[in-house]
Amino acid sequence: METIYGLLTGSRAEREEALARAGEILRAGGLVAFPTETVYGLGGNALSAAAAEKIYAAKGRPSDNPLIVHIARFEELKPLVREIPESAGKLAAAFWPGPLTMILPKSEAVPRETSGGLDTVAIRLPLDSNARALIRAAGVPVAAPSANTSGRPSPTEVRHVAEDLGGKIDMILDGGAVAVGLESTIVDLTGSVPALLRPGAITPEMLEGVLGKIEFDPVLTKPLTPDMHPKAPGMKYRHYAPRAEMYLVDGTQAAVIRKINACAALAKADGKKVGILASAENADAYCADAVLCLGERVKPAEIAHNLFAALREMDARAVDVIYAEAFPESGVGLAVMNRMNKAAGHHYLHAEEEK
Ligand code: AMP
Ligand code: MG
């Protein structure tokens, strides 16, 4: 298939033409990758079972891993769900448009293919004006998981989308680099207490400020074991994974630097190509084939923004093993560490102080 590219950052006429073309493709049942403020999404008509199936096929994604449905205005929520609980109204008022996805009981309008066979549906109203313009141009809600091959790090730049999906989908819209860099926060509103299923830029503190106490799904912090049944089906699959083996290293600053350099030297002696994911504060202290700086430790939003591109860069540089500094789990740091843990398959090394 020949993929058409459309530019959203050029002239106004160019942008409008690209959006109109993309809207037509979506209405006709085709697939369009587009920027949102979180990551690039792979869009299809959310009301069409056939479009959902095309999305799963293009991504190589298991079809029991449901898609998030994107809308452009709050009023578009009503036909997609059986009820709008008070909590959903409050969250929408506080965080929509924005990087928050709500799980609600689905209506008949949403095909089971879109919801991965579930009775519930995930809905988001994105902040990115290009994303909303595309949904309006389509005239239908747009189902859009991240626009990557299943299992690879999510795309934060258009070249990542082209790498994974070029030649497999109808159109790719180029809106430049995304703002947040991590997928949306997912909160399940179908139980008696709201439950956080996936951390993102809308932090637990922000959710609790609106809803009071929320629950944390156990899979957020622990590796998944066969007896656990995750509420977000996507959680059972390997995610965000670079091709290399990856280890997270935590401890005091000096101990972490020493541990990572020692591990890197040993791996090199074994003939391995070594990558290090470092904070700006420590990057100069490392020695390896690829030392990539994620940002300042005190700025988790910066680290969130750079993480997925850095994981892809490690793939491009063909490293065999990656050592990454662990970061504090406060605020957006929770989402950063959630993705890093998955990328590393929860492999941790604890750096000990020298006695
Ligand atoms: P992605 O858009 O690729 O980041 O994946 C969407 C995520 O939303 C997946 O992890 C899904 O498991 C989750 N999700 C979507 N719909 C539901 C739902 N109805 N219930 C629980 N989780 C959902
Ligand atoms: Mg994804």
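Every number for a ligand or one of its atoms is a count from 1 in the order of the listing. Every heavy atom of this structure was used, including side-chain atoms; hydrogens, water molecules and symmetry mates were not.
- Side-chain atoms of N341 come within 3.5 Å of backbone N or O of M337 as a donor-acceptor pair.
- Assignment of S146 to the shell around ligand 1 is supported, since a heavy atom sits closer than 4.0 Å.
- Residue E183 has no nitrogen or oxygen atom sitting less than 3.5 Å from a nitrogen or oxygen atom of ligand 1, judged on distance alone.
- For a distance bound of 2.8 Å, the N, O or S atoms of S146 include one lying that close to the Mg ion (ligand 2).
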Please report the C-alpha distance between T190 and T120 in whole Å, then the side-chain angles of each, then the deciding distance to 0.1 Å, and finally whether the side-chain hydrogen bond (donor to acceptor under 3.5 Å, both in side chains) criterion is met. CA-CA 8 Å; T190 61; T120 54; 6.0 Å; no

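- Where the criterion is an N or O separation shorter than 3.5 Å, residue side chain and backbone included, R198 meets it with respect to ligand 1.
- Counting heavy atoms closer than 4.0 Å to ligand 1, residue D188 contributes nothing at all.
- Heavy-atom minimum distance, L67 versus P145: CD2-CG, 3.7 Å.
- Near N65, meaning under 4.0 Å from any of its heavy atoms, are these atoms of ligand 1: 9 (C), 10 (O), 11 (C), 12 (O).
- Between E163 and R312, at least one side-chain N (NZ, or NE/NH1/NH2) sits under 4.0 Å from a carboxylate O, which counts as a salt bridge.
- With sequence neighbours excluded, no residue forms a salt bridge (Lys or Arg N to Asp or Glu O under 4.0 Å) with E108.
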For the pair T36 and R124, evaluate side-chain hydrogen bond (donor to acceptor under 3.5 Å, both in side chains) and give the outcome as yes or no after the intermediate values. CA-CA 11 Å; T36 82; R124 181 162 99 85; 3.1 Å; yes

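- Under 4.0 angstrom from ligand 1, there are no non-hydrogen atoms of T101.
- Contact annotation: for I103 versus ligand 1, heavy atoms closer than 4.0 Å belong to the side chain alone.
- Relative to atom 8 (O) of ligand 1, the option among I186, V39, T190 with the closest non-hydrogen atom is I186.
- Interface of L118 with ligand 1, defined as ligand atoms under 4.0 Å from a residue heavy atom, comprises 18 (C), 19 (N), 20 (N).
- Residue R61 touches ligand 1 through its side chain alone, judged by heavy-atom distances below 4.0 Å.
- Heavy-atom proximity to T120, at under 4.0 Å, picks out these atoms of ligand 1: 18 (C), 19 (N), 20 (N).
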Please tabulate, for side-chain N and O atoms in residues 283-294, each donor-acceptor pair with protein atoms closer than 3.5 Å (sequence neighbours left out).
from	atom 1	to	atom 2	distance (Å)
Y286	OH	E325	OE2	2.8
D289	OD2	V274	N	2.7

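- A parallel orientation is assigned to the rings of Y247 and Y323, their planes being inclined by less than 30° (bins at 30° and 60°).
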